[in-house]
Amino acid sequence: MDTQNFISYSISTFRNQLKPNSSHKRKSMGSLLIREWAGFQQFPPATQNKLIDLLAKLKQENVNTLTILVMGKGGVGKSSTVNSLIGERVVTVNSFQSEALRPVMVSRTKGGFTLNIIDTPGLVEAGYVSYQALQLIKGFLLNKTIDVLLYVDRLDAYRVDDLDKQIIKAITGSFGRDIWHRSLLVLTHAQLCPPDELNYDVYSSKRSEALLKTIRIGARMRKQDFQDFTIPVVLVENSGRCNKNESDEKILPNGDAWIPSMVKAITDVATNKSRAIVVDKKLIDGSGSDEKGKLWIPAILGLQWLLVKMIERAIKKDIRRDTIAKGNRLY
Ligand SMILES: Nc1nc2c(ncn2[C@@H]2O[C@H](COP(=O)(O)OP(=O)(O)OP(=O)(O)O)[C@@H](O)[C@H]2O)c(=O)[nH]1
Ligand SMILES: [Mg+2]
């Protein structure tokens with residue numbers, strides 16, 4: 001069988017396994033109950049076909065499970081993106097306040113393939129990075145392996161600021177720089193009319209470049225290292241009012257059917273030869289991540305103490321000298 005035939009054979013075998021009348025609704029994996037991916041049937045047939053081909057490719061690469069972590073600031077569309085990807089309303093979306101207080105993992109299975117998506121609370125609290133949220137996320141991820149990170153922000157925000165950089169820094173400090181090799185930049189609210197009559201693609205790439213630069217600076221990556229791999233950018237429109245093409249697929253203003261494009265980008269990252277992020281005790285405690293700087297803290301504190309002592313001694317000497325001089329003047 002030549003390569004082309006082998007690929008067609010694998011895809012058709014996989015298609016048969018994916019037929020909708022799979023007998024059972026739930027599968028037991030140890031104590032974890034994993035549901036059949038019912039939301040898959042909600043996608044239009046054109047999208048389903050593209051996704052089946054992508055899942056078949058993953059299977060060829062022996063990837064039977066994919067665990068996707070979704071992180072970003074509050075209210076940027078993390079949960080909505082999870083719901084769009086699964087094709088069901090599985091996590092709560094809230095318009096008026098930050099909703100998720102703790103991480104939630106949603107698992108779905110189809111034809112022997114398991115998709116785990118972890119939705120997380122927003123990483124900002126009262127204008128600062130929420131280290132409490134990060135701690136919660138790290139605790140939740142203990143003993144899990146992250147295949148792909150979706151770092152979510154909005155396409156229709158026009159600025160990047162220091163807070164964005166601090167968030168990237170905090171993620172890098174928690175999970176190590178390598179997490180960015182397994183990442184996608186996901187930009188929601190992508191059905192927009194760019195300001196100042198800018199062309200849609202020009203506007204999107206300007207916004208993407210600004211955020212990618214922030215990731216590079218926040219993760220303290222050298223320009224060269226950053227150029228050696230690219231963080232794919234995926235545009236997403238979660239709104240129910242998203243435009244559709246003639247095949248009923250949700251499309252962006254540039255005509256791209258974004259759900260299959262996002263799954264394709266996820267598939268590429270999952271098979272990009274970099275290592276998945278294993279969240280073990282060492283990483284959680286900081287020694288395995290980029291928090292190695294913490295080891296310097298006792299030495300720095302010691303040096304500070306020495307400095308204070310030296311200044312104290314100098315002041316006392318000065319006072320003593322002053323008092324003797326005053327005494328000499330009195331006599
Ligand atoms: N128009 C539009 N609205 C969106 C999109 N994504 C999310 N929203 C809306 O933005 C609001 C916040 O969405 P969520 O998905 O709850 O955002 P989140 O990042 O999960 O928020 P937290 O869990 O609070 O951190 C909701 O009103 C969503 O309907 C999008 O792509 N387009
Ligand atoms: Mg949410």
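Counting convention: from 1, in listed order, for ligands and their atoms alike.
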ask   = Hey, are Arg207 and Asp153 close enough for a salt bridge, meaning a charged N less than 4.0 Å from a carboxylate O?
value = yes

request  = Please state which part of Val236 comes within less than 4.0 Å of ligand 1, counting heavy atoms only: side chain, backbone, both or neither.
outcome  = backbone

note = Heavy-atom proximity to atom 30 (C) of ligand 1 ranks first, among Arg241, Arg154, Glu237, for Glu237

ask   = N/O to N/O below 3.5 Å, does that happen between Ser79 and ligand 1?
value = yes

ask   = Is there a side-chain contact between Leu149 and Arg182 (heavy atoms, below 4.5 Å)?
value = no

query = Taking C-beta and beyond as the side chain, do Phe175 and Ile137 meet within less than 4.5 Å on heavy atoms?
reply = yes

request  = Could you tell me whether Lys206 and Glu209 make a salt bridge, using a distance below 4.0 angstrom between a side-chain N and a carboxylate O?
outcome  = no

task = Determine, considering heavy atoms only, which of Thr92, Val93, Leu192, Val82 sits nearest to atom 26 (C) of ligand 1.
result = Val93

inquiry  = If the cut-off is 4.0 Å to any non-hydrogen atom of Lys78, which atoms of ligand 1 fall inside it?
reply    = 15 (O), 17 (O), 18 (P), 19 (O), 20 (O), 21 (O), 22 (P), 25 (O)

request  = Indicate yes or no: does Asp164 engage Lys73 in a salt bridge with an N to O separation below 4.0 Å.
outcome  = yes

request  = May I ask you to check if any N/O/S atom from Thr120 comes under 2.8 Å of the Mg ion (ligand 2)?
outcome  = no

Nitrogen or oxygen of Val76 less than 3.5 angstrom from that of ligand 1 = yes

query = Quick one: which ligand 1 atoms are inside 4.0 Å of a heavy atom on Gly75?
reply = 12 (C), 17 (O), 18 (P), 19 (O), 21 (O), 22 (P), 24 (O), 25 (O)

task = Output the list of atoms in ligand 1 that are nearer than 4.0 Å to some heavy atom of Gly122, sorted by atom number.
result = 25 (O)

message = Cation-pi check for Phe140 against Lys138: NZ or CZ below 6.0 Å from the six-membered ring centre and within 45 degrees of the axis, yes or no?
response = no

His189, any N or O under 3.5 Å of ligand 1 N or O = yes

query = If you measure every N/O of Thr120 against every N/O of ligand 1, is any gap under 3.5 Å?
reply = no

message = Using a 4.0 Å cutoff against the non-hydrogen atoms of Gly74, which atoms of ligand 1 qualify?
response = 25 (O)

ask   = Among Thr145, Asn116, Leu115, which one satisfies side-chain contact (heavy atoms from CB on, under 4.5 Å) with Thr65?
value = Asn116

query = Does Thr120 reach the main-chain N or O of Val70 with its side chain, forming a donor-acceptor pair under 3.5 Å?
reply = yes

